[in-house]
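Just below is one structure, and these are the notes that go with it.
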Amino acid sequence: TILGQDEQAQKYQQVFDTFVTSMDEVLWNSDHGAWFDFHTKTMQQNPQFYPSNLAPLWADCYSQTKLKEKIRPVLAYIEDQAAFDYIGGIPTSMVRSGQQWDFSNAWAPLQEIIVTGLENTGDAKALEVAKDLVSKWVQNVYVSYEQSGQKMFEKYDVEQVGLAGG
């Protein structure tokens, strides 16, 4: 270790390993190929789409030895989700509530979590998907910037390129 604290490093590595195992046991859904939020009152996963469903890829909070087992289901999940089909990026959810954290708004940090997570896998198909997502996002931000008189926004609309989110 850098600081020569091997015993402490080993202790925290064990804590991390337990955390990763717990994340997989509670949040990973092999039928859907994503990590879902867990409702502690119903003791069930929430199958709704949210960008956070792929956050473990971004945070490297999954067993690295199981990456090959997970990346194909994750890519299938992405292909099955309408959330990835929008021209302006990935929405914060698919719920049309009128709230800023729901459809059709997209926020930069959530785009980054998905893109970086896919890049972290090193998988060729995942990298291709990440590049496509970046292209959509940058196009939306750039067109919005130009159309608004060079303004940047906190959120953008995914359904139409060039619109700030609502």
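For the single chain, residues carry numbers from 1 onward in sequence order.
- Side-chain heavy atoms closer than 4.5 Å link hydrophobic residues (I, L, V, M, F, W, Y) into clusters, and following such links, possibly through other members, connects Leu133 to Val138.
- Residues passing the salt bridge (Lys or Arg N to Asp or Glu O under 4.0 Å) test with Glu146: none are found, sequence neighbours excluded.
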Applying salt bridge (Lys or Arg N to Asp or Glu O under 4.0 Å) to Lys131 and Glu128, what does each step give before you reach the verdict?
CA-CA 5 Å; Lys131 184 177 177 182; Glu128 184 180 309; over 6 Å; no
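- Within a 6.0 Å sphere centred on CD of Glu154, other residues, nucleotides and ligands contribute more than 12 heavy atoms.
- Heavy-atom minimum distance, Gln48 versus Val95: OE1-CG2, 4.2 Å.
- Considering CD of Gln111 and NZ of Lys136, their distance stands at 10.0 Å, rounded to 0.5 Å.
- Contact between Trp137 and Trp107 at its shortest, heavy atoms only, is CH2-C, 4.0 Å.
- Note on Ile71: it clusters hydrophobically with Tyr77, by side-chain heavy-atom contacts below 4.5 Å among ILVMFWY residues.
- Glu112 has its side chain within reach of Trp58: a pair of non-hydrogen atoms, C-beta onward, lies under 4.5 Å apart.
- Note: Phe16 and Phe19 have tilted aromatic rings, judged against thresholds of 30 and 60 degrees for the angle between ring planes.
- Separating the OH atom in Tyr50 from the CE atom in Met94 is a distance of 11.0 Å, to the nearest 0.5 Å.
- Note: Ile90 CD1 to Asp85 CG = 10.5 Å, rounded to the nearest 0.5 Å.
- Cluster annotation: Leu57 and Val134 are assigned to the same hydrophobic cluster (Ile/Leu/Val/Met/Phe/Trp/Tyr, side-chain heavy-atom contacts under 4.5 Å, transitive).
- Side chain of Ser148 to backbone of Tyr145: a donor-acceptor contact under 3.5 angstrom is found.
- Taking every heavy atom of both residues into account, Asp123 and Arg72 meet most closely at OD1-NH2, 3.0 Å.
- Heavy-atom minimum distance, Met152 versus Val141: CE-CG1, 3.6 Å.
- For Phe36 against Pro47, the heavy-atom pair with the smallest separation is CE2-O, 3.7 Å.
- Between the side chain of Asn140 and the backbone N or O of Gly162 there is at least one donor-acceptor pair closer than 3.5 Å.
- Side-chain contact between Phe103 and Val158 is present, with at least one heavy-atom pair separated by less than 4.5 Å.
- Note: Asn105 CG to Glu159 CD = 10.0 Å, rounded to the nearest 0.5 Å.
- Contact detail for Phe49 and Gln81: the closest heavy-atom pair is CB-OE1, 3.6 Å.
- Atom CD1 of Ile87 is separated from atom CD of Gln139 by 7.5 Å, given to the nearest 0.5 angstrom.
- Although no hydrogens or angles enter the test, the distance criterion places no donor-acceptor pair under 3.5 Å between the side chain of Ser93 and the main chain of Asp102.
- In this structure a side-chain-to-backbone donor-acceptor pair under 3.5 Å is missing from Asp37 to Asn46.
- Hydrophobic clustering (ILVMFWY, side-chain heavy atoms < 4.5 Å, transitive): Met23 and Val15 are in distinct clusters.
- The shortest distance between side-chain heavy atoms of Trp35 and Asp24 falls below 4.5 Å.
- In terms of modelled atom types and a separation under 3.5 Å, the side chain of Gln45 and the main chain of Val26 share a donor-acceptor contact.
- Atom CG of Leu110 and atom OG1 of Thr92 lie 7.0 Å apart (nearest 0.5 Å).
- Every side-chain contact (heavy atoms from CB on, under 4.5 Å) that Ile78 has, sequence neighbours left out, goes to Leu54, Val74, Leu75, Phe84, Leu118, Val129.
- Under 3.5 Å, the side chains of Asp17 and Gln13 contain a donor-acceptor pair of N or O atoms.
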